[in-house]
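A quick note: this is a predicted structure, and the numbers were derived from the prediction, not measured.
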Amino acid sequence: MYGPETEGEARLEFARNLGMRLGNPVGPREPAHHWVEASGAGPALASAITATRMQGRIVMPAMYGRLPEVDLNQVVRKGLSIHGSYGYTREDYSGGAAMVSEFRGTLERMVSLFRWTKAWKR
């Protein structure tokens with residue numbers, strides 16, 4: 001798991017409590033075989049392309065607010081596979097509901113509630 005330094009220690013501790021295996025929080029020490037880029041941030045996708053090893057795979061379940069600027073030459077030279085992932089089946093929802101039921105206490109810690117205001121309605 002990699003991410004912004006903001007609240008980094010809290011995020012890492014939370015990930016540990018969820019049972020995630022963590023690498024170097026600053027960045028990978030060796031290229032990754034597989035990478036999931038779920039942030040929707042262009043620089044994160046660029047980092048994923050750089051940090052994925054030859055013949056590696058990147059899965060993108062993220063949507064980007066603006067087109068990301070990435071070095072596609074690295075994708076070609078490294079023979080990377082990039083897979084978009086968007087869509088759901090009935091089984092996905094059933095599996096999600098079962099997971100929420102099983103891990104309810106853990107998942108509740110992952111959710112923050114905000115009051116809706118008219119300023120957000122743009």
Side-chain angles (χ1 to χ4, degrees):
M1 182 179 104
Y2 302 95
E5 291 183 21
T6 308
E7 301 176 7
E9 273 309 308
R11 292 170 190 258
L12 290 173
E13 184 60 29
F14 187 74
R16 282 186 201 96
N17 289 336
L18 291 175
M20 290 183 178
R21 291 185 313 157
L22 305 175
N24 176 358
V26 176
R29 293 178 186 220
E30 62 183 56
H33 293 280
H34 305 283
W35 192 288
V36 177
E37 200 306 282
S39 73
L45 178 58
S47 292
I49 290 170
T50 299
T52 302
R53 71 176 347 138
M54 299 285 290
Q55 304 298 313
R57 175 180 291 186
I58 298 170
V59 178
M60 296 173 16
M63 298 294 287
Y64 296 84
R66 60 180 86 174
L67 293 177
E69 293 184 28
V70 297
D71 183 356
L72 293 178
N73 289 329
Q74 282 191 70
V75 173
V76 173
R77 286 186 184 119
K78 292 171 134 184
L80 300 178
S81 296
I82 298 180
H83 300 274
S85 176
Y86 185 77
Y88 309 95
T89 65
R90 180 182 298 269
E91 290 79 20
D92 294 329
Y93 284 104
S94 296
M99 184 186 76
V100 167
S101 177
E102 182 177 351
F103 297 102
R104 184 173 189 88
T106 301
L107 295 174
E108 284 175 349
R109 296 189 328 237
M110 296 174 71
V111 176
S112 298
L113 298 177
F114 298 92
R115 227 172 104 191
W116 185 84
T117 69
K118 289 185 180 183
W120 297 346
K121 192 179 174 180
R122 297 179 192 178

For a quick test of reading the model, state the closest non-hydrogen atom pair linking Leu45 to Pro68 and the distance between them. CD2-CG, 3.9 Å
By salt bridge (Lys or Arg N to Asp or Glu O under 4.0 Å) - contacts of Arg104 (at least two apart): Glu108
Taking only residues two or more places apart in sequence or in another chain, which ones pass side chain to side chain contact (heavy atoms under 4.5 Å, CB included) with Ser39? Glu37, Ala41, Ala44
Just to verify, what does Leu67 make a side chain to side chain contact (heavy atoms under 4.5 Å, CB included) with, not counting sequence neighbours? none
Residues at least two apart in sequence or cross-chain that pass side-chain hydrogen bond (donor to acceptor under 3.5 Å, both in side chains) with Glu91, listed by chain then number, are Thr89
Which residues pass the side-chain hydrogen bond (donor to acceptor under 3.5 Å, both in side chains) test with Ser101, not counting sequence neighbours? none
Check the hydrophobic clustering (I, L, V, M, F, W, Y; side-chain heavy atoms under 4.5 Å; chains of links allowed) and say if Tyr64 and Val36 are grouped together. no
Determine all donor-acceptor pairs shorter than 3.5 Å in which one atom belongs to a side chain in residues 46-56; sequence neighbours excluded.
unit_1 : atom_1 : unit_2 : atom_2 : d
Ser47  : OG     : Pro43  : O      : 3.1
Thr50  : OG1    : Ala46  : O      : 3.2
Thr50  : OG1    : Gln74  : NE2    : 3.4
Thr52  : OG1    : Ala48  : O      : 2.6
Arg53  : NH1    : His33  : NE2    : 2.7

Indicate if Leu72 and Trp35 have the same hydrophobic cluster label, given that clusters are the connected sets of ILVMFWY residues with side-chain heavy-atom separations under 4.5 angstrom. yes
Sequence neighbours left out, what passes side chain to side chain contact (heavy atoms under 4.5 Å, CB included) with Ser85? Give chain and number order. Val59, Pro61
Taking salt bridge (charged side-chain N to carboxylate O under 4.0 Å, His left out) as the cut-off, I'd like each qualifying pair that reaches into residues 71-81, sequence neighbours left out, listed once. none
Could I get the full list of side-chain hydrogen bond (donor to acceptor under 3.5 Å, both in side chains) partners for Asn73, not counting sequence neighbours? none
